[in-house]
Amino acid sequence: QVQLVESGGGLVQAGGSLRLSCEASERTFSRYAMGWFRQAPGKEREFVSRISRNGIRTYYADSVKGRFTISRDNTKNTATLQMNSLKPEDTAVYYCAADARAQMTSRADDYDYWGQGTQVTVSS
């Protein structure tokens with residue numbers, strides 16, 4: 001069972017940037033497709049981005065396309081979400097997740113392992 005630990009959240013002004021990291025406990029990290037999701041207070045968890053096992057294929061929610069970049073380093077068991085041009089509506093707890101079947105989906109239910117989340121707050 002893989003354990004995921006997110007870091008990098010914080011408070012930033014609108015227009016600023018943050019870089020989230022997700023470190024996995026397993027050396028078999030490359031077997032998992034990875035995703036980032038977020039959940040704002042009173043809202044359902046929503047898909048943000050995903051990346052294939054080898055890092056070649058990526059996909060983004062329309063709300064973050066052009067502003068966020070997902071990447072991974074399988075040698076370091078780490079997935080990263082670079083967030084630029086942040087907006088107040090990006091405020092949420094951000095979660096990384098691992099999909100053991102590498103289905104490359106946007107459905108939270110398809111992901112098998114989750115981190116504890118990291119808070120991102122964007123002030124206006």
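We use all heavy atoms of the structure for the numbers below, so side chains are in, but hydrogens, waters and symmetry mates are not.
Put simply, the side chain of T91 gets close to the backbone of V122: a donor and an acceptor are under 3.5 Å apart. No donor-acceptor pair under 3.5 Å is formed between the side chain of R50 and the backbone N or O of Y59. In this structure, the side chain of T105 does not engage the main chain of Q103 through any donor-acceptor pair within 3.5 Å. Side-chain atoms of E6 do not come within 3.5 Å of backbone N or O of T118 as any donor-acceptor pair. A donor-acceptor pair under 3.5 Å is formed between the side chain of N77 and the backbone N or O of E26.
Checked against ring pair (Phe, Tyr, Trp, His ring centres under 6.0 Å), F37 has the following partners two or more places apart in sequence or in another chain: F47, Y111, W114. Applying the salt bridge (charged side-chain N to carboxylate O under 4.0 Å, His left out) test to R72 and every residue at least two apart in sequence or in another chain returns nothing.
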Yes or no on side chain to side chain contact (heavy atoms under 4.5 Å, CB included) for W36 and F68, after CA distance, side-chain angles and deciding distance?
CA-CA 11 Å; W36 284 94; F68 290 11; over 6 Å; no
Assess whether side chain to side chain contact (heavy atoms under 4.5 Å, CB included) is satisfied between M34 and F29, documenting all intermediate values.
CA-CA 9 Å; M34 297 299 295; F29 176 69; 3.7 Å; yes
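The two residues T78 and S21 come nearest to each other via the heavy atoms CG2-CB, 4.4 Å. Of all the heavy atoms in S85 and D90, the pair that sits closest is O-OD2, 4.5 Å. Between A14 and S124, the shortest heavy-atom contact is CB-CA, 4.4 Å.
Between the side chains of T80 and Q82, no donor N or O sits under 3.5 Å from an acceptor N or O.
The stretch residues 96-109 participates, sequence neighbours left out, in these salt bridge (charged side-chain N to carboxylate O under 4.0 Å, His left out) pairs: R101-D112, R107-D110.
Between K65 and D62 there is a salt bridge, since a side-chain N of the basic residue sits under 4.0 Å from a carboxylate O of the acidic one.
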